[in-house]
Protein chains: 2
Amino acid sequence: MSHDQSFLADCRARLAFDLLANTWNSVVLWALKDGPCRPGALRGRIGGISPKVLTETLRRLECGGLVDRRAYGGSPPRVEYGLTALGRTLLAPIDAFGAWAFEHGDEVMAARERYAGEGGDPPPP
Amino acid sequence: MSHDQSFLADCRARLAFDLLANTWNSVVLWALKDGPCRPGALRGRIGGISPKVLTETLRRLECGGLVDRRAYGGSPPRVEYGLTALGRTLLAPIDAFGAWAFEHGDEVMAARERYAGEGGDPPPP
DNA sequence: CAGAATCCTTTACGATACTG
DNA sequence: CAGTATCGTAAAGGATTCTG
């Protein structure tokens, strides 16, 4: 890789981190990787996300050009969300984390238990 | 990649996302990539982080086994934080995002401006 | 200088109810 | 069913002060 120390000052770097710095952005992007999807089905794929927060998250991603929204009029309304080309470019980096979690997730959980056991009584969130 | 749809249900996956789902974890990890560092210097490398939040973040990462803390007694106290072996394994995935930001960050910012201009007046955070 | 303690503000998130 | 509106809570982040 090729970033120098000013990396953290670069606003694009901050933008990338900020994109992930919330509970749902990456999860929703990930849930869309298998193709466009209606909001209801999305909630099923994800689990534990309220309709309101899902809508907010999708708007945020749409605003950033990562997700696009297609509305087919009618009643009941039918809407589908899918990744844009730009959004798809984020899948590989996200997947790198997924792979990391499968390899090292246990170590993190073990470290936390060790920390809790060693008298690090107030284990920070 | 090799994750099936149950990926999102796997608690290790959630753990990985949660590690990034806050403003500072990834930034601090990244700032430590060039070697161990004292808190004061870390704040300089990062910029915009308060001492309190830096300490909290370091504790959190230490608890997860990603960072270790070495205290050399004395007065004034001298402390250094550095990545553990486990922490270093996270650098590659984080860097994937950094690289992504350099390639596509402009597109996201452009999309946001477009969105704001098109009457998407309330541009969500 | 490290960092704990305190106080305060903001906001992310959740639950619920309502509209088209 | 999609989406908005409203309310409430919990937590994150910031500023400040104080200590060893």
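Within every chain, numbering begins at 1; the chains are lettered A, B, ... in the order of the sequence lines, protein sequences first and strands thereafter. Computed from a prediction, not measured in an experiment: that's the story for all the values here.
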Can you run down the side-chain hydrogen bond (donor to acceptor under 3.5 Å, both in side chains) pairs that involve residues 97-108 of chain B, sequence neighbours left out, and say none if there aren't any?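 Matches after skipping sequence neighbours: A/Thr89-B/Trp100, B/His104-B/Glu107.
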Rounding to an integer number of Å, can you tell me how far [X] [atom1] sits from [N] [atom2]?
| X | N | atom1 | atom2 | value |
| --- | --- | --- | --- | --- |
| A/Ile49 | C/dG14 | CD1 | C1' | 11 Å |
| B/Asp18 | D/dA12 | CG | C1' | 14 Å |
| B/Ile46 | D/dG14 | CD1 | C1' | 15 Å |
| B/Arg43 | D/dG13 | CZ | C1' | 13 Å |
| A/Asn22 | D/dA11 | CG | P | 17 Å |
| A/Tyr72 | D/dC1 | OH | P | 18 Å |
| B/Glu80 | C/dC1 | CD | P | 15 Å |
| A/Trp24 | C/dG14 | CH2 | C1' | 11 Å |

Identify whether any heavy atom of A/Gly74 sits under 4.0 Å from a base atom; if not, whether one sits that close to sugar-phosphate; answer base, sugar-phosphate or nothing.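 Nothing, no heavy atom under 4.0 Å.
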Contact class for B/Ser75 (heavy atom, under 4.0 Å): base, sugar-phosphate, or nothing?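 No contact.
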Could you give me the CA-CA distance, side-chain angles and deciding distance for A/Leu58 and A/Arg69, then say whether side-chain contact (heavy atoms from CB on, under 4.5 Å) is met? CA-CA 9 Å; A/Leu58 287 167; A/Arg69 173 185 189 276; over 6 Å; no
Output the distance between atom CZ (B/Phe97) and atom CG (A/Leu19), rounded to the nearest 0.5 Å.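 Here the interatomic distance stands at 8.5 Å.
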Least distance between heavy atoms, A/Leu29 atom then A/Leu91 atom: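 What the structure gives for the nearest pair is O-CD2, 4.0 Å.
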Please enumerate all protein N or O atoms sitting under 3.5 Å from an N or O of nucleotides 2-6 of chain C, with distances to 0.1 Å.
residue	atom	partner	partner atom	Å
C/dA2	OP2	B/Gly40	N	3.4
C/dG3	OP1	B/Arg69	NE	2.9
C/dG3	OP1	B/Arg69	NH2	2.2
C/dG3	OP1	B/Tyr81	OH	3.4
C/dG3	OP2	B/Tyr81	OH	3.0
C/dA4	OP1	B/Arg59	NH2	3.3

Using distance alone, with no hydrogens and no angle criterion, decide if B/Arg78 and B/Tyr72 have a side-chain donor and acceptor under 3.5 Å apart.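 No, because no side-chain N or O of B/Arg78 sits under 3.5 Å from a partner of the opposite role on B/Tyr72.
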Residues A/Glu56, A/Arg59: salt bridge by 4.0 Å N-O rule: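 Salt bridge between A/Glu56 and A/Arg59, a charged N being under 4.0 Å from a carboxylate O: no.
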